[in-house]
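Here's the structure we're looking at; comments come further down.
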Amino acid sequence: MVSTTLMKLVAPCWKPSVEGENSNNRGGDVSGRLDGLLWYKDSGHHVNGDFSMAVIQANNLLEDHSQLESGPLSSLESGPHGTFVGIYDGHGGPEASRFLNEHLFNNFKKFTSENQGMSADVITKAFLATEEEFLSLVKKQWIIKPLLASVGSCCLVGVVCSGLLYIANAGDSRVVLGRLEKTVKQVKAVQLSIEHNASIESVREELRLLHPDDPQIVVLKHKVWRVKGLIQVSRSIGDAYLKRQEFNKEPLLAKFRLSEPFHKPILKAEPTILVQKLYPEDQFLIFASDGLWEQLSSQEAVDIVQNYPRNGIARKLVKAALHEAAKKREMRYSDLKKIDRGVRRHFHDDITVVVLFLDSHLVSRSYWHGPLLSVKGGGGVPAST
């Protein structure tokens, strides 16, 4: 079991977990429940089927934010209807992921309206507009809050609209499709997002091609590949200190400053985008921050969703990940649950999961007569209209 030294380290930070603690202080089941460090909404209905959401906090301040928006995808009455999912995994602080949770979908709706429809270009424009707004905020607060220049967020977006699936990703969150393979009668995992993490050889190669004159663009540090020896992801929203030279100076802390000036952004905000038709054999989508995928493989996650009831399935995935995290440290799951935020980060990351079930009868529809749905998991008060 867990070592004596480790017990001494975490014992003062253990606290009893009360089932259902604060369960109604955020509006009960309508907009999710709280149980200690866990926020969850076990079930709900979106334009194209059912969904389930869950978030577990590990950091002192929750750096994962997420949202599910279902109904109109533009401000035009004649505009498209569908479901929008956003997973925002922050680093260096919660400000960038929170900013995405508050601004990205509004920008997305704005460009969908201007474009009079959905497209990959609309999503890219929404990413870049939100990035510009956040970098403007960093500039505005530079003197009073220079550390904001070192805060960023991965950004994974999924949109289901008129029988098509749009996936856009900047960072290392992941979306996996559960697809029924009729010949073998099994639901197989299909990873749909491209991850931008320096641990992947193709990502390192892309960085070297983009920065041919910089032999230190990726550095192996403590057995982990990092961009400029500082960060693992190669694409993000925020991280102004690696995008604009004007922030590579005091009063930013020395540990974030690069010794050599740079003339073009080191990290990119543009997402990689996939657009594909949805078929009846496409059963469900699992969107999650990398905290889940550090503990479970894509197929393991798909097997759990396929073999357990829909109600509470996101919470089930979080629990499975925590069991794995406990097992790696040779401790009981019940003991891991007692460790408070902050110290908990030594055992696992913040984890956000959204499972979107796809009803083939609803997926091809372009209009929705049901109520507008808006649920935010994480730090913001979840609200369902």
Side-chain angles (χ1 to χ4, degrees), residues 59 61-65 86-104 107 124 126-157 168-173 193-200 203-204 206-208 210-211 214 216-219 221 224-272 289-291 349-350:
N59 287 290
L61 292 171
L62 182 67
E63 295 182 348
D64 272 15
H65 286 260
I87 303 282
Y88 316 124
D89 180 1
H91 46 261
E95 292 88 349
S97 55
R98 191 186 299 135
F99 190 90
L100 281 163
N101 222 13
E102 291 166 358
H103 295 89
L104 180 63
N107 281 329
T124 300
F127 270 60
L128 296 180
T130 312
E131 160 91 339
E132 283 305 308
E133 288 169 2
F134 187 73
L135 294 186
S136 296
L137 180 69
V138 172
K139 190 169 186 174
K140 202 180 290 180
Q141 301 201 3
W142 173 240
I143 300 302
I144 56 166
K145 200 177 179 184
L147 259 183
L148 200 57
S150 66
V151 176
S153 181
C154 297
C155 185
L156 169 64
V157 163
N169 193 40
D172 59 6
S173 296
S193 53
I194 293 170
E195 289 164 32
H196 310 111
N197 189 302
S199 64
I200 302 165
V203 172
R204 296 197 296 276
E206 179 186 54
L207 284 162
R208 290 181 187 120
L210 288 169
H211 306 273
D214 186 354
Q216 298 295 304
I217 189 65
V218 281
V219 179
K221 202 172 176 182
V224 177
W225 284 101
R226 293 181 185 274
V227 183
K228 298 302 290 180
L230 293 168
I231 190 169
Q232 283 185 268
V233 294
S234 64
R235 300 194 191 199
S236 69
I237 303 294
D239 294 307
Y241 74 118
L242 291 172
K243 290 179 177 164
R244 291 187 183 172
Q245 174 61 30
E246 65 186 283
F247 301 118
N248 184 32
K249 61 183 182 184
E250 291 185 331
L252 188 66
L253 293 178
K255 68 177 181 178
F256 295 115
R257 299 201 301 266
L258 302 179
S259 53
E260 297 291 323
F262 57 93
H263 307 291
K264 65 176 180 178
I266 291 162
L267 302 189
K268 294 169 73 172
E270 292 93 337
T272 49
S289 54
D290 71 325
D349 199 353
D350 294 336

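Residue numbers start at 1 and run along the sequence shown.
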Minimum side-chain heavy-atom gap C154-V233 below 4.5 Å: yes

For K139, all residues meeting side-chain contact (heavy atoms from CB on, under 4.5 Å), sequence neighbours excluded: E246, F247

Which atom of E195 lies closest to which atom of N169, heavy atoms considered: CA-ND2, 4.2 Å

Sub-4.5 Å side-chain heavy-atom contact between F134 and H103: no

Reported NE2-to-SG distance for the pair H65 and C155, which is rounded to 0.5 angstrom: 13.0 Å

Which atom of E63 lies closest to which atom of S97, heavy atoms considered: O-OG, 2.8 Å

Counterpart residues, side-chain contact (heavy atoms from CB on, under 4.5 Å), relative to P265 (two or more places apart): K243

Distance, nearest 0.5 Å, that separates CG of D64 from CG of D290: 8.0 Å

Side-chain heavy-atom pair V224, S199 within 4.5 angstrom cut-off: no

Student check: side-chain heavy atoms of Y88 and I237 closer than 4.5 Å: no

Residues in salt bridge (charged side-chain N to carboxylate O under 4.0 Å, His left out) contact with R226, at least two apart in sequence or another chain: none

Side chain to side chain, L242 and L258, heavy atoms closer than 4.5 Å: yes

Interatomic spacing from CG in L61 to CD in E95 - rounded to 0.5 Å: 8.0 Å

Heavy-atom neighbours of K264 NZ exceed 12 at 6.0 Å: yes

For K140, salt bridge (charged side-chain N to carboxylate O under 4.0 Å, His left out) partners two or more places apart: none

Separation between CD1 of I266 and CG of L207, rounded to the nearest 0.5 Å: 9.5 Å

Interatomic distance, H91 atom NE2 to D239 atom CG [nearest 0.5 angstrom]: 3.5 Å

Under 3.5 Å side-chain donor-acceptor pair for S173 and D89: no

Considering all heavy atoms, the nearest G90-S153 contact: N-OG, 3.7 Å

Salt bridge (charged side-chain N to carboxylate O under 4.0 Å, His left out) involving R244 - partner list, sequence neighbours excluded: E132

Spatial distance of atom CZ (F256) from atom CG (L147) [nearest 0.5 Å]: 6.0 Å

Within residues 227-238 or reaching into it, pairs that qualify as salt bridge (Lys or Arg N to Asp or Glu O under 4.0 Å) - sequence neighbours excluded: E206-R235, D214-K228

Residue pair L156 / S193, side-chain heavy-atom distance below 4.5 Å: yes

